[in-house]
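Positions are given from 1, in the same order as the sequence printed here.
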Amino acid sequence: MGNRAVITTEDKKIGVYLHWNGGRDSVEAFLTYCKIKGYRTPETDCYGWARLCQVIGNFFGGESSIGIDEYAKMDVDNWDNGVYIIKDWNIIGREFNHDSEQANYDLLDLVLSINETQPIKEQLKEEEIKEKIEELKNNKMQI
């Protein structure tokens, strides 16, 4: 058993499957990291999907914690966290979520942890992450 979730966009053509870390706090941290990095969004083009998968894959390591497929082929009603619908690196909708939203982890701590698992040349400075998270909290950037 995992802590499963699927991330998709409004068109529901593609989905990213998470076997672990599918709670809202983890998904928001992955999305926030991608936003801070300035990556193109998945609804823009395939590069957005690629960067999201790269960030999550680097975080997990291994070979079986993340998947990508056509949305119609995915286990969306997975009895864990269901589906996150995203736009502009923000969660804009939820489906098949049968429990309360997970909020066990601090956003800054998770984003810093995600950063540490990225290739060194891709990592951001801790101070830069803290500044961007503060901007997000002060609504200067939409989270």
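- Not one N or O on the side chain of N115 forms a donor-acceptor pair closer than 3.5 Å with the backbone of V111.
- Heavy atoms of other residues, nucleotides or ligands lying less than 6.0 angstrom from OH of Y39 number more than 12.
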Test side-chain contact (heavy atoms from CB on, under 4.5 Å) on W89 and L52; report intermediate values, then the result.
CA-CA 10 Å; W89 298 123; L52 177 61; 4.1 Å; yes
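- With hydrophobic clusters built from ILVMFWY side chains whose heavy atoms lie under 4.5 angstrom apart, L18 shares a cluster with I91.
- Between H98 and W79, the angle of the ring planes stays under 30°, which puts this pair in the parallel group of the 30/60° scheme.
- For K13, there are no side-chain hydrogen bond (donor to acceptor under 3.5 Å, both in side chains) partners, not counting sequence neighbours.
- Here CD of E28 is found 11.5 Å from CD1 of I86. Values are rounded to the nearest 0.5 Å.
- The CD atom of Q123 sits 9.0 Å away from atom NZ of K37, with the distance rounded to the nearest 0.5 Å.
- Under a hydrophobic-cluster definition in which Ile, Leu, Val, Met, Phe, Trp and Tyr are linked whenever side-chain heavy atoms come within less than 4.5 Å, directly or via other members, I7 and Y71 are assigned to different clusters.
- In this structure a side-chain-to-backbone donor-acceptor pair under 3.5 Å is present from D45 to Y47.
- No donor-acceptor pair under 3.5 Å is formed between the side chain of N81 and the backbone N or O of A5.
- Using modelled atom types, one side-chain atom of D25 and one backbone atom of Y105 make a donor-acceptor pair closer than 3.5 Å.
- Side chain of S26 to backbone of G22: no donor-acceptor contact under 3.5 angstrom is found.
- A donor-acceptor contact under 3.5 angstrom links the side chains of N3 and Q102, judged on distance only.
- With rounding to the nearest 0.5 Å, the separation of OG1 in T117 from CZ in F60 is 9.5 Å.
- At least one side-chain heavy atom of W49 sits less than 4.5 Å from a side-chain heavy atom of V16.
- One finds the CH2 atom of W20 at 9.0 Å from the CG atom of D80 (value rounded to the nearest 0.5 Å).
- Here the OG1-CD distance, from T8 to E43, works out to 10.5 Å after rounding to the nearest 0.5 Å.
- Residues E95 and V76 are not in side-chain contact: their nearest non-hydrogen atoms beyond the backbone lie 4.5 Å or more apart.
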Start with the C-alpha distance between I66 and F59, add both sets of side-chain angles, then the distance that settles side-chain contact (heavy atoms from CB on, under 4.5 Å), and finish with yes or no.
CA-CA 10 Å; I66 182 175; F59 178 77; over 6 Å; no
E126 and K130: salt bridge (charged side-chain N to carboxylate O under 4.0 Å, His left out), yes or no, with the steps?
CA-CA 6 Å; E126 184 174 330; K130 287 179 179 178; 3.0 Å; yes
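- Linking ILVMFWY residues whenever their side-chain heavy atoms come closer than 4.5 Å, directly or via other members, leaves F30 and L110 in distinct clusters.
- Across all their heavy atoms, C34 and R51 have their closest contact at SG-O, 4.4 Å.
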Verdict with reasoning, D75 to Y17, per side-chain contact (heavy atoms from CB on, under 4.5 Å)
CA-CA 8 Å; D75 180 13; Y17 169 77; 5.6 Å; no
Between K87 and T41, does the side-chain contact (heavy atoms from CB on, under 4.5 Å) criterion hold? Intermediate values first, please.
CA-CA 7 Å; K87 182 177 181 180; T41 61; over 6 Å; no
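- Heavy atoms only, all atoms of each residue included: V6 and G15 are closest at CG1-CA, 4.2 Å.
- For the atom pair CZ of R24 and CG of L31, the computed distance is 9.5 Å after rounding to the nearest 0.5 Å.
- Linking Ile, Leu, Val, Met, Phe, Trp and Tyr whenever their side-chain heavy atoms come within less than 4.5 Å puts L112 and I114 in one cluster.
- Cluster membership check: L124 shares its hydrophobic cluster with L107, using side-chain heavy-atom separations under 4.5 Å among Ile, Leu, Val, Met, Phe, Trp and Tyr.
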